[in-house]
Amino acid sequence: MNYKAIQLAKRPSGEITPDIFEIVELETPALEDGQFLVKQTYMSLDPAMRTWLNPREDSYLPPVQIGEVMRSYGVGEVVDSCNANYPVGAQVIGVTGWAEYVLGNEEMQVVDASIDPETLLSVFYVTGLTAYVGVISIGQPKAGETIVISGAAGSVGSLAGQIAKAEGLRVVGTAGSDEKCRWLEEELGFDKAINYKTHDLAEQLDDACPNGIDLFFENTGGPIQQLAYSRMNRFGRIVVCGMIAEYNFEQPVPGPNWMDINLKGLRIEGFVLPDHMDKAQEASEALANYVQSGQIRFRTHVLEGLPSAIDGINLLFNGGNQGKLIVEL
Ligand SMILES: NC(=O)c1ccc[n+]([C@@H]2O[C@H](COP(=O)([O-])OP(=O)(O)OC[C@H]3O[C@@H](n4cnc5c(N)ncnc54)[C@H](OP(=O)(O)O)[C@@H]3O)[C@@H](O)[C@H]2O)c1
């Protein structure tokens, strides 16, 4: 059977442009013992994809190679199987690719078919696990502290803020539009949301954080980084989750002076989720509790059809996505 897939045709320089991808027709393979075939139903679009397109070999995952199907996370249904652990009809989630069909891999998890894929990709997989691990395991939050979250209206940021709220923190977020800020304050219960595109970001941050910042959950880089860093309290923690403002840059942005780290006893810790999968069970149970108790809400932004990924991925970089960005195949 033939199916559509999208391969990397060349590496981007700067922004992702459509010409770096090529839509191809491939044939589903004849299965060998232990293999299974997945029809992908929903695919996640993630900022990290931009980093997977760079040729660097020292990151947490190898680069996608020219001529390879673009890597993604996704949900699908097993439609053919020579592996008893992955029977036909099972719903699976894992690393897939920009393709209508993918050969399954043993890292894929079988998930309850009654849980809808949008919820899985928005809360119970990379997005939610990242928010939980970042805030709870790495951030070590204490009730009464102030957390600042950049990229707060995004998929990870909005969950991180709600988790911090549930843990009793004062939650301040930055986002790129007034509409996103209203959503954070009025629907998600953030104490304050600041549009980082306004001119008086420093004053607004001072007003929002009268007691300084104990925890900074960094999703973006950009101007908020230096402003938050210089307002950190003693023994503050900075959780470096992502740097989307810089993924398209050819040259790295200079970092901050280290004196505050020394004098204030700051801890700055970067992380990528794959290094923390030992926390997946704890995180999933906690996320389920937050959802059941109404402490976590989310929204999704769904695109239609595999080719929509090619232009759609840039919604993440221009702020056009309103919630977890997903492609329905
Ligand atoms: N460490 C990990 O394992 C891990 C896992 C998942 C994600 N992440 C990281 O977490 C961050 C958020 O990812 P996500 O999946 O939740 O995406 P997302 O926040 O749903 O979407 C990306 C958002 O980033 C904002 N943005 C884009 N360019 C920006 C800029 N120059 N300055 C400030 N904000 C900008 C946009 O919102 P505005 O409208 O607010 O600008 C956009 O909507 C990314 O940096 C990602 O790489 C890390």
Side-chain angles (χ1 to χ4, degrees), residues 14-16 43-54 59-61 71-73 95 118 121-135 137-139 148-163 172-184 188 190 193-198 201 216-228 238-249 253 268-277 279-280 283 298-303 312-327:
E15 287 177 16
I16 294 176
M43 188 170 93
S44 172
L45 293 182
D46 295 276
M49 288 170 165
R50 177 65 187 82
T51 68
W52 300 339
L53 297 175
N54 292 335
S59 188
Y60 65 105
L61 283 175
R71 180 189 297 138
S72 66
Y73 304 115
V95 176
E118 290 184 29
L121 291 173
S122 302
V123 182
F124 294 109
Y125 196 51
V126 171
T127 302
L129 301 184
T130 299
Y132 180 89
V133 166
V135 172
S137 311
I138 299 176
V148 168
I149 299 170
S150 57
S155 339
V156 172
S158 60
L159 296 186
Q162 293 175 89
I163 292 168
V172 176
T174 57
S177 75
D178 291 344
E179 186 280 329
K180 289 183 179 182
C181 289
R182 267 196 304 279
W183 179 63
L184 292 173
L188 302 192
F190 277 53
I194 303 170
N195 183 343
Y196 69 85
K197 293 178 179 166
T198 48
L201 185 53
F216 174 37
F217 193 101
E218 169 64 304
N219 269 321
T220 64
I224 185 64
Q225 186 177 91
Q226 188 62 49
L227 294 173
I238 297 179
V239 178
V240 186
C241 176
M243 303 291 299
I244 189 168
E246 298 176 22
Y247 292 163
N248 286 330
F249 291 177
V253 171
I268 302 179
E269 186 169 342
F271 79 106
V272 288
L273 184 70
D275 295 331
H276 296 268
M277 290 311 283
K279 296 279 188 327
F298 62 93
R299 59 185 184 183
T300 52
H301 186 139
V302 180
L303 306 174
I313 188 163
N314 272 319
L315 292 169
L316 297 167
F317 295 87
N318 62 30
N321 65 310
Q322 307 268 352
K324 174 70 201 126
L325 192 58
I326 292 171
V327 175

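When a ligand or atom number is given, it counts from 1 through the structure's own listing order. Bear in mind that the values here come from a model prediction, so they are computed numbers and not experimental data.
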Can you list everything that forms a salt bridge (charged side-chain N to carboxylate O under 4.0 Å, His left out) with E246? Sequence neighbours excluded, please.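 Not a single residue meets the salt bridge (charged side-chain N to carboxylate O under 4.0 Å, His left out) criterion with E246.
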State which residues pass salt bridge (charged side-chain N to carboxylate O under 4.0 Å, His left out) with E15; sequence neighbours excluded, sorted by chain then number.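 None.
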Is there a nitrogen or oxygen of [X] sitting under 3.5 Å from a nitrogen or oxygen of ligand 1?
X: N321; answer: yes
X: K180; answer: yes
X: G176; answer: yes
X: G157; answer: no

With a cut-off of 4.0 Å, which atoms of ligand 1 are near a heavy atom of L273?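 Reading through ligand 1 atom by atom, the close ones are 2 (C), 3 (O).
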Give the numbers and elements of all ligand 1 atoms closer than 4.0 Å to a heavy atom of M243.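 Ligand 1 atoms under the 4.0 Å threshold to M243: 45 (O).
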What part of L316, side chain, backbone, both or neither, has a heavy atom within less than 4.0 angstrom of ligand 1?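 Contact part for L316 vs ligand 1: both backbone and side chain.
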Looking at non-hydrogen atoms alone, which of I244, N195, T174 comes nearest to atom 24 (O) of ligand 1?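 Among I244, N195, T174, the closest heavy atom to atom 24 (O) of ligand 1 belongs to I244.
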Atom 34 (N) of ligand 1: which of Y60, Y196, F217 has the nearest heavy atom?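 It is Y196 whose heavy atom sits nearest to atom 34 (N) of ligand 1.
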Hey, mind stepping through R71 and V95 against side chain to side chain contact (heavy atoms under 4.5 Å, CB included) and telling me if it holds? CA-CA 7 Å; R71 180 189 297 138; V95 176; 3.9 Å; yes
Any non-hydrogen atom of C241 lying under 4.0 Å from ligand 1?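 It does, in that a heavy atom of C241 comes within the 4.0 Å cut-off of ligand 1.
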